[in-house]
Amino acid sequence: MAKELNTREDNYSQWYNDIVIKADLAENSSVRGCMVIKPYGYAIWERMQAALDKMFKDTGHENAYFPLFIPKSFFSKEASHVEGFAKECAVVTHYRLKNDEDGKGIVVDESARLEEELIVRPTSETIIWDTYRNWIQSYRDLPLLINQWANVVRWEMRTRLFLRTTEFLWQEGHTAHATKEEAVAEAEQMLRVYTDFAEEWMAMPVLRGVKSINERFAGAVETYCIEALMQDGKALQAGTSHFLGQNFAKAFDVQFLNKENKLEYVWATSWGVSTRLMGALVMTHSDDNGLVIPPKLAPIQVVIVPIYRNEEQYHAVCDKGREIKQWLEKADIRVKLDDRDTQKPGFKFNEWEFKGVPLRIAIGPRDLEQASVEIARRDTLEKETYKVEGLVEKVRHLLDRIQKNLYQKALDFREQNTFQADTWDEFLELIEKGGFIRAHWDGTPETEQRIKEETKATIRLIPLKGKMEEGKCIYSGNPSKQRVVFARAY
RNA sequence: CGGGGCAUGGCGCAGUCCGGCUAGCGCACCUGCUUUGGGAGCAGGGGGUCGCAGGUUCGAAUCCUGCUGCCCCGACCA
């Protein structure tokens, strides 16, 4: 298994592809733009799901499931929503195939055309709000706090494994509230949840803020987001949370009777993160030796590699390996004993390193004699010999250290790549270097659009609680009250 | 949809310009022996409608025509 990996410096995007494919996270499928998520990659996603799902439940949400197909007419009910998604929808027009009359193959049966075409959901606001109409009558039915784990389809022109695929997996929360304040608070709360997840589980520092009008979700009044900085200096939107106002309630006629017995439209939010987080995870921590997974998300936290010369030694070190595995598992540590007799230790070292396993324990005949093991850290690549006594504590401690170290490294990287620009020339120079750029902007979509056209940089976010600071727009020179964050983005 | 490139065992490629006899190499795979503390060595072995359809020719992976698929770069996007 020769793992030749492009380096980040030589070819960043090839480096990313190599890791995803060679670490067995995912591969391209026979369907253009759609990926197969392989068991190892899916195991990481499952861990993300589990952590997020618990956070959603802890904040009062329940899971439900809505249909994959959405009647076309639903889509046109919210004007800006259609406009936003129309260009990337897969449409089901027929419901039957038949044998080709020329004898070869199968064709669409033209006589089986759907009366109303179905859209494969690119997001579920419309079908969900159509449903909520029947669920909500009174203020007593509110708030309605629902999440769904689902797949969605957006017909992208260019795709990249995890970062942008035609079909992707995600969760979408859809909530209904009696007041505007409550809905805004919900959107902000979920942004907080995403922030905590990114930082505590993924060890990925994020900036929080709101989107400019240009970048806002189609149909939202306000879009909140978390943005992370990748190692090539490009920003990646890692999660979004939307305050939808009464837009969908009005479009789908969802009203409730308030305590004063008056009909009111409900207030809405929606929020989501997707398998794109897998891409973010790869690009935040991995290095030129392969994938690096933070311990909290690693499907295998510790791999034990036995070293031996003959069958007798093989059995002896494997027995010790099994014993250690049991101790660690009792402490809720995820362990794999790689007792394959078909690969050499050196091969296994490289393989598990490439797959990002946080800790590797090697046990050989020498270790048996000295009651020791060799432990190697994936994040620092350091190796050290430890006594078997107290090993569980040591491992637990090291996993914790790795989790923190990965976060700190990523945070340092972001700080080192966050700049301030006060003039257009400065901005032009900095944007070429990559990273986040804090700069003044006059607040108009036109200016943002021009900056995007001239530099490919967009406003990633307007800081939520950013310091107010008088200044002049770097592009137009018009007055500005606050710096916003620019970057080139995925 | 524009601009480039590619299509040859599971994967990565050479061969194509200048047609030639049995289509080759690396990795992976199978068998055996020796190995095993950072990607093992040797020996033997299996596996190919050279993307598809026509054409030229005694003879086509190679030349001609027409298709099809994929990748990369741009416009769109989480």
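A note on names: the letters A, B, ... follow the listed sequences, proteins ahead of strands, and every chain is numbered from 1.
Distance noted for atom C1' between B:A40 and B:U35: 7 Å (whole Å). Comparing the P positions of B:C17 and B:G74 gives an interatomic distance of 34 Å, to the nearest angstrom. Remark: the separation of the C1' atoms in B:C72 and B:G26 is 25 Å, to the nearest Å. B:A28 and B:U22: their C1' atoms are spaced 25 Å apart (whole Å). Comparing the same atom, P, in B:G10 and in B:G2 gives a spacing of 34 Å after rounding to whole Å. On the C1' atoms, B:A23 is 25 Å away from B:U65, given to the nearest whole Å.
Using a 4.0 Å heavy-atom cutoff across all strands shown, A:Lys383 reaches at least one base atom of the nucleic acid. Within the nucleic acid shown, A:Thr275 has no heavy atom closer than 4.0 Å to any nucleic acid atom. Residue contacts for A:Arg360: at a heavy-atom cut-off of 4.0 Å it reaches a base atom on one of the strands shown. Among the heavy atoms of the strands, none lies under 4.0 Å from A:Gln313. Across all strands shown, A:Leu236 has no heavy atoms under 4.0 Å from either base or sugar-phosphate atoms. Nucleic acid contact for A:Gln237: sugar-phosphate only, since backbone atoms but no base atoms lie under 4.0 Å from a heavy atom of the residue. Base engagement by A:Arg366 is indicated by at least one non-hydrogen atom pair under 4.0 Å involving a base atom. Across all strands, A:Phe217 comes closer than 4.0 Å to no nucleic acid atom at all (heavy-atom distances). Residue contacts for A:Asp367: at a heavy-atom cut-off of 4.0 Å it reaches a base atom on one of the strands shown.
Evaluation of atom-type donor-acceptor distances gives a pair under 3.5 Å for the side chain of A:Glu353 against the base of B:G38. Interface remark: the A:Arg309 side chain does not form any donor-acceptor pair with the B:G37 base, using a distance-only criterion of under 3.5 Å. If you check distances only, the side chain of A:Lys456 never reaches the base of B:G74 with a donor-acceptor pair under 3.5 Å.
Side-chain proximity of A:Phe347 to the nucleotides B:G39, B:C70, B:A78 is greatest for B:G39. The A:Arg276 side chain lies nearest to B:A78 when the options are B:G37, B:A78, B:U36. Of the candidate nucleotides B:G38, B:C70, B:C76, B:G38 has the atom lying nearest to any side-chain atom of A:Phe349. Side-chain atoms of A:Ile307 lie closest to B:G37 of the nucleotides B:A78, B:G37, B:A75. Closest to the side chain of A:Ala362, out of B:G38, B:G37, B:C70, is B:G37.
Using a 4.0 Å cut-off between a side-chain N of Lys or Arg and a carboxylate O of Asp or Glu, A:Glu432 and A:Arg488 qualify as a salt bridge. We find that A:Glu227 and A:Lys211 are joined by a salt bridge, their nearest charged nitrogen and carboxylate oxygen being less than 4.0 Å apart. Ion pairing between A:Glu353 and A:Arg360 holds under the 4.0 Å rule for side-chain N and carboxylate O.
Spacing between atom CG of A:Asp18 and atom C1' of B:G12 amounts to 12 Å, rounded to whole angstrom units.
Proximity of A:Lys344 to the phosphate of B:G37: a side-chain N or O atom is located under 4.0 Å from OP1 or OP2.
A 3.5 Å limit on both hydrogen-bonding distances identifies B:G51 as the Watson-Crick or G-U partner of B:C67. Base pairing annotation: B:A75 forms no Watson-Crick or G-U wobble pair, as no partner gives both donor-acceptor distances under 3.5 Å. When Watson-Crick and G-U wobble pairs are counted only if both distances are under 3.5 Å, B:A40 pairs with B:U34. B:C29: Watson-Crick or G-U partner is B:G45, with both key distances under 3.5 Å.
A distance below 6.0 Å separates the ring centres of A:His81 and A:Phe248. Checked against the 6.0 Å centroid threshold, A:Phe427 and A:Phe486 count as a close aromatic pair. Checked against the 6.0 Å centroid threshold, A:Phe85 and A:Phe217 count as a close aromatic pair.
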